[in-house]
Amino acid sequence: MSRYLAAEIEPKWQKAWDNFEVFKAVRDENRPKYYVLEMFPYPSGKLHIGHVRNYTMGDVIARYKMSTGHNVLHPMGWDAFGMPAENAAMAIGGHPKEWTYGNINQMRQQMKPLGLSIDWSREFATCDPEYYGQQQALFLDFLNKGLVYRKNAVVNWDPVDMTVLANEQVESGRGWRSGALVERRELTQWFFKISDYAGDLLDAIDVLDDWPAKVKLMQANWIGKSRGLEFSFETIGAPDGFDEIDVYTTRPDTLLGASFVGISSDHPLARYLETENRDIAAFNKECRQMSTSEADMEKADKKGIDTGIRVRHPLNPAWELPVWVANFVLMDYGTGAIFACPAHDQRDLDFSLKYNLEVKDTFFALENETPVGTKAFVPPKSEKVRWINHFAGLGVATGQEAIDATITHAESHGWGKGVTNYRLRDWGLSRQRYWGCPIPVVHCVTCGVVPEKKENLPIRLPDDVTFDKPGNPLNRHATWRDCACPSCGAPAQRETDTMDTFVDSSWYFARFTSPDAATPTDQEDLNYWMNVDQYIGGVEHAILHLLYSRFFCRAMQLTGHANQKNAQEPFNALFTQGMVTHAIFKTAKDDGRPVYHYPEEVELRENKAYLIADGREVDIVPSSKMSKSKNNVVDPERIIEQYGADTARWFVLSDSPPERDVEWTASGAEAAYKFLGRVWLISHRVAQMPSDELTDSDNDLLQEMHKTIRDVTLGIESFGFNAAIAKLYSFTNTLSKSKASAVAQKLSIITLAQLMSPMTPHLAEDIWQHQGGTGFIAQAPWPVFDKNMLVETTVTLPVQVNGKRRAEITIAKDLEKSEVEKLALMQEAVIRALEGADPKKVIVVPGRIVNVVA
RNA sequence: GCCCACGUGGUGGAAUGGUAGACACAAGAGACUUAAAAUCUCUGGGAUUAAUAGUCCGUGCCGGUUCGAGUCCGGCCGUGGGUACCA
């Protein structure tokens, strides 16, 4: 054999790892444990290149940690409940269960050839009854501790299909299948009381040292702590029972700039008014004919209707303000009613200008007293401004000082109270769908809502369901739905809502520590393996999934499923990798609906795309997240088949920094393969060299080797895989040209193989074996660099004049600053650049640079 | 709309506030070869220039801080992610 043949090497080593159970995680108190986890995939059916990128990164960390003496847990599973399975059942027939498990088998088969260091014995899918049964047990314990409750909430309702739509299924206000205008409808739904933990979830962000700052910021903003004032307006001309309107504001300091009171169309007063006022009813109806998504609501034109009701200003009973129903006021935040100060809020200003409402300044910038025109004056709360309208007689003060003064005034005079509010809402977990974890409660006419008995868990999904009618099949399944009340035994009905799939992914990491336990978790296993030391996944999960998981850990602790010994935070370190994007190729059907084409159906010429089949031109939507429904998914199978797993792994790690999005292009995969072939050949060449001894001339190579060990180690530890790979390229170039002794070259190729082993484990094992290594390279200790080999005696410094590089000097490393300065000023180019002038200043940064300031 | 990122050669990208373009891809030239493949060597931001000597310009745009800014600050523009029922 004289050529690098991945197809022979890779299966061989995978089998060997399997036989020796190299990646099986077993508790061992004598070694430090390390839990590496990549966000588990949704089994869409095809592994795509983004998955390969994600799992390869995790694998590099796992293998690296293994060789630095850690007892590594690296599991894999499937986030298997969710809408696509039901959509497939509706579109092509079949059953979500078959579809899902079929996809899992397919994806596992695609994943295994990658040679990931996964302990497959721990694998599970969230749709396994063994998993969701334990989840039901967790739910019951949460319910028991008051962490779950029911209340009304709005959903997107498709009046033609008679079904609840996800936000994703609403396309510009219409249902994606029926095309009907979507309505908002209230249903009684289950909620987790995550808001109880808002303060804690916010404060604990500070503890997350190894999380990206951007994720922490996003979470903090999402929780959105604010200190504000809650107070009431006394109404004039309002119906009985509406003597007051409660409002919450974060800017009570601008109260003297008030112009109107805005209430949500879902506010009780608005709801009452619509029963007796046709115009308001029509307006409210219009407001409700909109998807429930925040983005849609915020982007909609600001609209309102005057209710005719007026309120008294709390600081001046003679001053009356109109009450409007406004489409931008959210019922879910604060009290569902606001007072508007157009001078200092752009949204209020736009609204006021549109409806000719008063605009009144309350403060000006210190050096500019122009009244507000079409742009609201909204300085940061920390900026000093000049108050012209404040009841406490403020002169120059910051917004924050004014807010504090206002709250103090309100509390001491009894017209309002300071309130800390959070933007974070409770987590609605009810889904009116079949393919999810059934909520284990029963509705009984006499006993009300009754928790299912734990011994009856899991409450299994019935298999005999059909998807030929819209809506939740569980609702139509009489024999499943009808049951006996666990409390009184009378005929009762099961809850037919299932759980949000985010519930499934909020504790799977804990279940991996004891996937077969008869309770949700096993305390000993959990205590040994938790927390996850390194969590890796897409930044698209920066808020919801991570926040829900953080909440679940707290709830599990409260219910005794996680010991106090574990920190409340599940993930010690987080790395958010970028997405792999690809252009979408799109044409339109006759009715205007889009048709998406696979990259391989399309031919590119001069920045335009054409269908290979019939030559029609295709629209290109650049850089879009790979999505199965858009057919822009690139699957890695071809690269693996052609070049092998090591090439695919090496290739996805090279070039692009892991946290950044990459536009996928396969050009370069071949080059990666050639490189691995080169390394393999070097190993063979070195193996055939006659043995000899180290000489002084080997120093260059060995020095380079130690530098490479240092740089690659640092690169792996800091997720700088692309930079680490660049160093490995350099070192390989050096080694392939080296004239050093056989001993030095052998040491170098072994070290190179070890440094590459987390990325290209199969090739590395092969070289290790060639060079006579014992055992697996996967279990060999990581190379350590020798500091003494990195000491440089001379250093080359650039010399700048006014920040522009003019010359270079090579000097002894520890030369005195004054000497360096002298040398720099003697440089011809420096003298020329100074044009005879004396330097004003010379800055010498030791070992870095010299800058002469003229 | 709001929150968070990102923007550097033909391309992917490198650069603790300290020589911008490491390393690679694609390209061009050359060596080897009957030829091709493979392999190896060299070139390469732009302008000016005989020059691998210099000089000037250059990290989305405008401004600022600094001896020195791709990097820090402010304001724009563009792209991406999230926006609570996509996962």
Side-chain angles (χ1 to χ4, degrees), chain A residues 39 41-42 44 79 81-84 153 155-156 164-170 189 212-215 217-222 224 291-300 302 328 332 346-347 423-433 500-502 505 538-545 547-548 576 578-579 581 622-625 627 629 654-657 659-663 665 667-672 674-675 677-678 681 720 722-723 725-730 733 796-808 829 832 840-843 845 847-854:
Chain A
M39 290 178 186
Y42 177 79
S44 59
D79 187 13
F81 276 134
M83 278 200 315
V155 292
N156 300 309
V164 176
L165 297 178
N167 284 332
E168 191 192 50
Q169 297 172 312
V170 180
Q189 309 208 58
K214 62 173 175 182
V215 174
L217 240 183
M218 280 191 261
Q219 293 227 343
N221 290 337
W222 183 260
S291 90
T292 57
S293 95
E294 188 195 325
D296 285 347
M297 289 189 279
E298 290 278 344
K299 274 191 282 194
K302 307 291 168 271
F328 63 85
D332 286 326
Q346 191 60 43
R347 212 167 43 179
R423 205 185 76 97
L424 180 67
R425 306 199 298 257
D426 276 335
W427 172 10
L429 68 122
S430 286
R431 296 294 180 270
Q432 294 70 39
R433 279 183 250 288
D500 178 9
T501 56
F502 273 123
S505 56
V539 69
E540 67 270 25
H541 294 294
I543 297 174
L544 293 179
H545 162 59
L547 194 66
Y548 291 154
T576 53
M579 287 181 313
T581 63
S623 295
S624 310
K625 172 175 158 179
S627 157
S629 60
S654 348
D655 295 347
S656 48
E659 69 279 6
R660 206 183 295 181
D661 291 349
V662 283
E663 171 84 20
T665 139
S667 71
E670 198 186 340
K674 281 182 193 170
F675 172 76
R678 253 179 89 202
L681 279 173
N722 53 327
I725 283 178
K727 302 286 180 200
L728 289 165
Y729 268 109
S730 287
N733 287 338
T796 302
L797 295 187
V799 181
Q800 297 183 331
V801 177
N802 289 333
K804 281 195 175 132
R805 183 181 162 279
R806 296 296 174 183
E808 227 173 53
R832 205 180 327 132
K840 282 190 193 131
K841 198 166 150 191
V842 180
I843 289 153
V845 185
R848 275 284 172 201
I849 202 165
V850 181
N851 193 11
V852 180
V853 186

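Basis for what follows: all heavy atoms, side chains included, without hydrogens, waters or symmetry-related copies. Residue numbers start from 1 in every chain, and the chains themselves are labelled A, B, ... in the order their sequence lines are given, proteins ahead of strands.
- Proximity of N802(A) to V853(A): side-chain heavy atoms (C-beta onward) are separated by under 4.5 Å at one or more points.
- The C1' atoms of rG68(B) and rU16(B) are separated by 16 Å, rounded to the nearest whole Å.
- F328(A) comes within contact range of no nucleotide atom at all, as no heavy-atom separation falls under 4.0 Å.
- When the C1' atom of rG82(B) is taken as reference, atom CG of L424(A) falls 15 Å away, rounded to whole Å.
- Set against rU83(B), rU19(B), rC67(B), the side chain of L544(A) has rU83(B) as its closest nucleotide.
- Looking at heavy-atom distances under 4.0 Å, W222(A) makes contact with a base.
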- request: Apply side chain to side chain contact (heavy atoms under 4.5 Å, CB included) to the pair R423(A) and W222(A), showing each step before the final yes or no.
  value: CA-CA 7 Å; R423(A) 205 185 76 97; W222(A) 183 260; 2.7 Å; yes

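- Rounded to whole Å, atom P of rC23(B) lies 12 Å from atom OH of Y729(A).
- Using atom P as the reference point in both rU55(B) and rC6(B), the two lie 35 Å apart (nearest Å).
- At a threshold of 4.0 angstrom between heavy atoms, the contacts of P657(A) are confined to the sugar-phosphate backbone, with no base atom among them.
- You'll find the side chain of L424(A) reaches within 4.5 Å of the side chain of L547(A), heavy atoms only.
- Comparing rU16(B), rA84(B), rA14(B) against the side chain of R848(A) picks out rU16(B) as the nearest.
- When heavy atoms are screened at a 4.0 angstrom cut-off, A671(A) is found touching the sugar-phosphate backbone but no base atom.
- E540(A) is not listed as a side-chain neighbour of H545(A), based on a closest heavy-atom distance of 4.5 Å or more.
- Across V164(A) and R433(A), no two heavy atoms sit closer than the pair O-NH1, 3.8 Å.
- Using a 4.5 Å cut-off on side-chain heavy atoms (C-beta onward), M39(A) and T576(A) make no contact.
- Residue V164(A) is in base contact, counting any heavy-atom pair closer than 4.0 Å across all strands shown.
- To the nearest whole angstrom, the two C1' atoms, one in rA31(B) and one in rA20(B), are 33 Å apart.
- Residue S654(A) is out of contact with every strand shown, counting any heavy-atom pair closer than 4.0 Å.
- Spacing between atom CD of E298(A) and atom C1' of rU83(B) amounts to 9 Å, rounded to whole angstrom units.
- Between rC4(B) and rC73(B), the distance separating the two P atoms is 13 Å to the nearest Å.
- In this structure, N167(A) atom CG and rC85(B) atom C1' are separated by 6 Å, rounded to whole Å.
- Rounded to the nearest Å, the gap between the C1' atom of rC67(B) and that of rU19(B) is 16 Å.
- Base contact: R423(A) has a heavy atom under 4.0 Å from a base atom.
- Put simply, CZ on R347(A) is 9 Å from C1' on rC2(B), counting in whole angstrom units.
- Residue Q219(A) is out of contact with every strand shown, counting any heavy-atom pair closer than 4.0 Å.
- Taking the C1' atom of each, rG82(B) and rU66(B) are spaced 36 Å apart, rounded to whole Å.
- Across all strands shown, K804(A) has heavy atoms under 4.0 Å from sugar-phosphate atoms exclusively, and none from any base.
- As judged by a 4.0 angstrom heavy-atom cut-off over every strand, Q432(A) is placed among the base-contacting residues.
- When the side-chain nitrogen and oxygen atoms of S656(A) are compared with OP1 and OP2 of rG13(B), none of them lie within a distance under 4.0 Å.
- One interatomic measurement links the two molecules: CD of E540(A) to C1' of rU83(B), which rounds to 14 Å at whole-angstrom precision.
- Side-chain contact between N167(A) and N156(A) is present, with heavy atoms from C-beta onward closer than 4.5 Å.
- Which of rA87(B), rG80(B), rC85(B) sits closest to the side chain of D661(A) comes down to rG80(B).
- Within the 4.5 Å cutoff, the side chain of W427(A) has heavy atoms near those of the D500(A) side chain.
- Of the possible donor and acceptor atoms, one in the side chain of D661(A) sits under 3.5 Å from a partner among the backbone N and O of M579(A).
- Between the P atom of rU19(B) and the CG atom of N802(A) lies a distance of 16 Å, rounded to the nearest Å.
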- request: Starting at the 5' end of RNA chain B, write a dot or bracket for each base, bracketing those in Watson-Crick or G-U wobble pairs whose two distances are under 3.5 Å and using | for partners on another strand.
  value: (((((((..(((.....[....))).(((((.......))))).((((.....))))..(((((..]....))))))))))))....

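- Comparing atom distances between the K214(A) side chain and each of rG13(B), rC85(B), rA5(B) picks out rA5(B) as nearest.
- Rounded to whole angstrom, the span from the CE atom of M83(A) across to the P atom of rC85(B) amounts to 11 Å.
- For rA24(B), the OP1/OP2 oxygens have a side-chain nitrogen or oxygen of N733(A) closer than 4.0 Å.
- Side-chain N/O atoms of Q346(A) and base N/O atoms of rG1(B) include no donor-acceptor pair closer than 3.5 Å.
- Residue E659(A) is out of contact with every strand shown, counting any heavy-atom pair closer than 4.0 Å.
- Rounded to the nearest Å, the gap between the P atom of rG13(B) and that of rG7(B) is 9 Å.
- In this model, the phosphate group of rC23(B) is not approached by any side-chain N or O of N722(A) to a distance below 4.0 Å at OP1 or OP2.
- Nearest nucleotide to the M218(A) side chain, out of rG1(B), rG81(B), rA87(B): rG81(B).
- The phosphate of rA14(B) has OP1 or OP2 within less than 4.0 Å of a side-chain N or O from R660(A).
- Side-chain contact between R806(A) and V852(A) is absent, with no heavy atoms from C-beta onward closer than 4.5 Å.
- For rC3(B), the base has no donor-acceptor partner in the side chain of N221(A) [N/O atoms by modelled type, under 3.5 angstrom].
- Residue S505(A) is out of contact with every strand shown, counting any heavy-atom pair closer than 4.0 Å.
- With both ends at atom P, the span from rG74(B) to rC25(B) equals 40 Å, rounded to whole Å.
- Two residues, A672(A) and V662(A), neighbour RNA chain B, and the one matched to the more 5' nucleotide by heavy-atom proximity is V662(A).
- Of the candidate nucleotides rA87(B), rA84(B), rC40(B), rC40(B) has the atom nearest to the side chain of R678(A).
- Base orientation for rG80(B): anti, the chi torsion being more than 90° from 0.
- For a distance-only test at 3.5 Å, the side chain of Q800(A) fails to qualify as a donor-acceptor partner of the base of rC67(B).
- Among the protein residues, K674(A) comes within range of the sugar-phosphate backbone only, with heavy atoms under 4.0 Å from sugar or phosphate atoms but none that close to a base.
- Counting non-hydrogen atoms under 4.0 angstrom, K299(A) reaches a base of the nucleic acid.
- Heavy-atom nearest nucleotides on RNA chain B were determined for R806(A) and for S730(A), and the one closer to the 5' end corresponds to S730(A).
- When the salt bridge (charged side-chain N to carboxylate O under 4.0 Å, His left out) test is applied to K302(A), no partner is found at least two apart in sequence or on another chain.
- Classified by interplanar angle (parallel below 30°, tilted 30° to 60°, perpendicular above 60°), the ring pair H541(A)/F502(A) is perpendicular.
- Distances from the side chain of V539(A) to the nucleotides rC85(B), rG81(B), rA84(B) place rG81(B) closest.
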